[in-house]
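Order of appearance sets the numbers: ligands from 1, and atoms from 1 within every ligand.
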Amino acid sequence: MGHLVTLVPGDGIGPEVTAAALLVLDAVGADIDWDTRHLGSSALDRGETSAVPAGTVESARRTGCVLKGPVSTPRDGGFRSPNTGLRRELGLFVQLRPVRAVPVAGGSAPPLDVVVVRQTGEDLYAGWELAPGSPAAVEALRAAGADDVSASGVSLKAFSPAAVRRTAEFALRWAQAHGRRRVTVVHKATVMRETDGLFLRVCRQVAAERPGAGTTGGVELDDALVDNACAQLVRRPAAFDVLLTGMLYGDVLSDLAAAVAGGVGLAPGAAYGPDAAVFEAAHGSAPRHAGQDRANPVGLIRSAALMLRHLGDGERAARVESAVDAVLAEGRDLTYDLAPGTPVGTRRCAEAIAERAASSG
Ligand code: NAD
């Protein structure tokens with residue numbers, strides 16, 4: 001009996017890129033049984049009363065492992081982000097976005113190989129919001145000395161020492177286990193002392209408490225202001241190794257790094273909590289491209305490789321990753337975002353990766 005994994009195909013291009021990832025996993029003979037569940041609009045379309053159905057959450061807790069396509073969030077009205085709902089239900093507290101540039105179609109690649117570690121659950125993305133004119137908004141704005149207290153909306157940014165500590169411990173442990181040498185805390189503590197200042201202080205404390213702290217064998221911790229980090233990522237991509245940050249900066253930095261490395265369609269991701277890990281690409285559901293066999297499947301295929309490694313199958317993970325690198329380098333079977341002139345579809349790109357991965361076994 002193989003590993004049991006929850007599969008969430010998602011919305012928009014989600015079902016196409018998940019089918020592509022399954023094709024590649026089959027090609028390397030990954031021993032996985034799937035429990036297919038739904039989230040977001042596709043759950044509601046199937047008659048679920050919640051965008052985060054209890055059955056999906058229960059399956060994720062039971063299997064402890066989820067491969068997930070992107071899910072759409074309505075921009076206004078409707079339900080709140082199903083991703084946030086799932087994250088809360090599963091207690092996912094940290095997200096990993098590795099971005100490695102490889103040569104595409106005979107070109108050269110910038111020297112970029114960074115891993116963005118994002119704390120999740122706090123920061124401006126937590127959804128702690130106060131409506132304009134509400135008593136809580138007026139009170140908060142008055143206490144902070146804002147100019148227009150009666151008509152301004154408020155999104156709260158908060159970091160707690162316990163949550164930051166857990167993320168920093170994860171980042172330093174992960175860096176050490178994966179042969180990384182430096183973790184850079186990205187912040188704007190010069191302006192946001194109560195939040196980013198706390199984030200930086202706690203990260204430094206955690207690093208100082210580690211056995212071997214300060215020795216050359218350990219992982220070094222330094223820091224960078226977020227605006228400078230963005231500029232450096234573009235101008236000197238080799239400057240960074242692991243970036244440790246909150247949810248908002250982590251989102252911006254990982255998309256920026258992905259763009260420098262060749263495009264948002266290429267970047268994988270993983271999120272971890274005490275009971276489950278969720279593997280999904282960094283990109284969204286790209287509704288414009290849905291159902292057209294156009295989307296780049298590489299982000300989710302690389303996420304599937306991260307999943308294999310999580311399940312203890314490093315050998316098959318490496319075969320998938322090498323097959324992706326080879327197909328990107330060859331340049332014959334690339335989707336529209338990488339080969340504007342002569343693109344292939346999602347399915348063909350996945351087949352090319354699957355053929356390579358199968359022949360390397
Ligand atoms: P997006 O990532 O879907 O699209 C941004 C741009 O990148 C678009 O031009 C799109 O065409 C392109 N793109 C994205 N993925 C691609 C791929 N695999 N291949 C080729 N091109 C690709 O971001 P968005 O437009 O801001 O969001 C669309 C929806 O996705 C929203 O509802 C958003 O809430 C949701 N979203 C979901 C997740 C998730 O489920 N993890 C993450 C981000 C956004």
- prompt: For A286, is at least one N or O under 3.5 Å away from an N or O on ligand 1?
  reply: yes
- prompt: Mind checking whether R294 has a heavy atom under 4.0 Å from ligand 1?
  reply: no
task: Please answer whether the main-chain N or O of R356 pairs with a side-chain N or O of S359 as donor and acceptor at a distance below 3.5 Å.
output: yes
query: Should you measure from each heavy atom of G284, which atoms of ligand 1 turn up under 4.0 Å away?
result: 1 (P), 2 (O), 3 (O), 30 (O), 36 (N), 37 (C), 38 (C), 42 (C), 43 (C), 44 (C)
message: Judged on heavy-atom distance to atom 35 (C) of ligand 1, which of V71, V17, V8 sits nearest?
response: V71
field: Any A295 heavy atom less than 4.0 Å from ligand 1
entry: yes
statement: Sorted by chain and residue number, the salt bridge (Lys or Arg N to Asp or Glu O under 4.0 Å) partners of D313 (sequence neighbours excluded) come out as R316
task: Decide, yes or no, whether a salt bridge links R46 with E48 under the criterion of side-chain N to carboxylate O below 4.0 Å.
output: no
- prompt: Hey, are R180 and D241 close enough for a salt bridge, meaning a charged N less than 4.0 Å from a carboxylate O?
  reply: yes
- prompt: How does T73 reach ligand 1, if at all, at less than 4.0 Å between non-hydrogen atoms: by side chain, backbone, both, or neither?
  reply: both
field: Closest to atom 28 (C) of ligand 1 among S72, P287, A259 (heavy-atom distance)
entry: P287
query: Can an N or O of D337 be found at a distance shorter than 3.5 Å from an N or O of ligand 1?
result: no
message: As an exercise, identify every atom of ligand 1 less than 4.0 angstrom from a heavy atom of E280.
response: 39 (C), 40 (O), 41 (N)
Nitrogen or oxygen of A282 less than 3.5 angstrom from that of ligand 1: no
- request: List every atom of ligand 1 that sits less than 4.0 Å from any heavy atom of Y336, numbering the atoms from 1 in the order shown and giving each element.
  value: 11 (O), 20 (C), 21 (N), 22 (C)
task: State whether D35 and R62 are salt-bridged, where the test is any N-O pair (Lys NZ or Arg NE/NH1/NH2 against Asp/Glu carboxylate O) under 4.0 Å.
output: yes
field: Location of contacts on N83 toward ligand 1, heavy atoms closer than 4.0 Å
entry: side chain
statement: One finds that the ligand 1 atoms under 4.0 Å from a non-hydrogen atom of R288 are 9 (O), 11 (O)
task: Run the numbers for me: atoms of ligand 1, each under 4.0 Å from some heavy atom of P70, listed by number.
output: 39 (C), 40 (O)
query: Is the shortest side-chain N to carboxylate O distance from E139 to R142 below 4.0 Å?
result: no
- prompt: Is a side-chain donor or acceptor of S59 paired with a backbone partner of T56 at a separation under 3.5 angstrom?
  reply: no
- request: Could you list the residues that satisfy side chain to side chain donor-acceptor pair (under 3.5 Å) with R97, not counting sequence neighbours?
  value: D251, S254
Option of least heavy-atom distance to atom 19 (N) of ligand 1 (set: V264, V278, N296): N296
message: Distance check, rounded to the nearest 0.5 Å: R210 atom CZ versus Q205 atom CD?
response: 15.0 Å
message: Side chain, backbone, both or neither: which applies to I13 and ligand 1 if a contact is any heavy-atom pair less than 4.0 Å apart?
response: side chain
- prompt: Is any NZ, NE, NH1 or NH2 atom of the basic residue among E169 and R173 found under 4.0 Å from an Asp or Glu carboxylate oxygen of the other?
  reply: no
- prompt: Under 4.0 Å between a Lys/Arg side-chain N and an Asp/Glu carboxylate O for R309 and E321?
  reply: yes
statement: Here the atoms of ligand 1 under 4.0 Å from any heavy atom belonging to H289 are 11 (O)
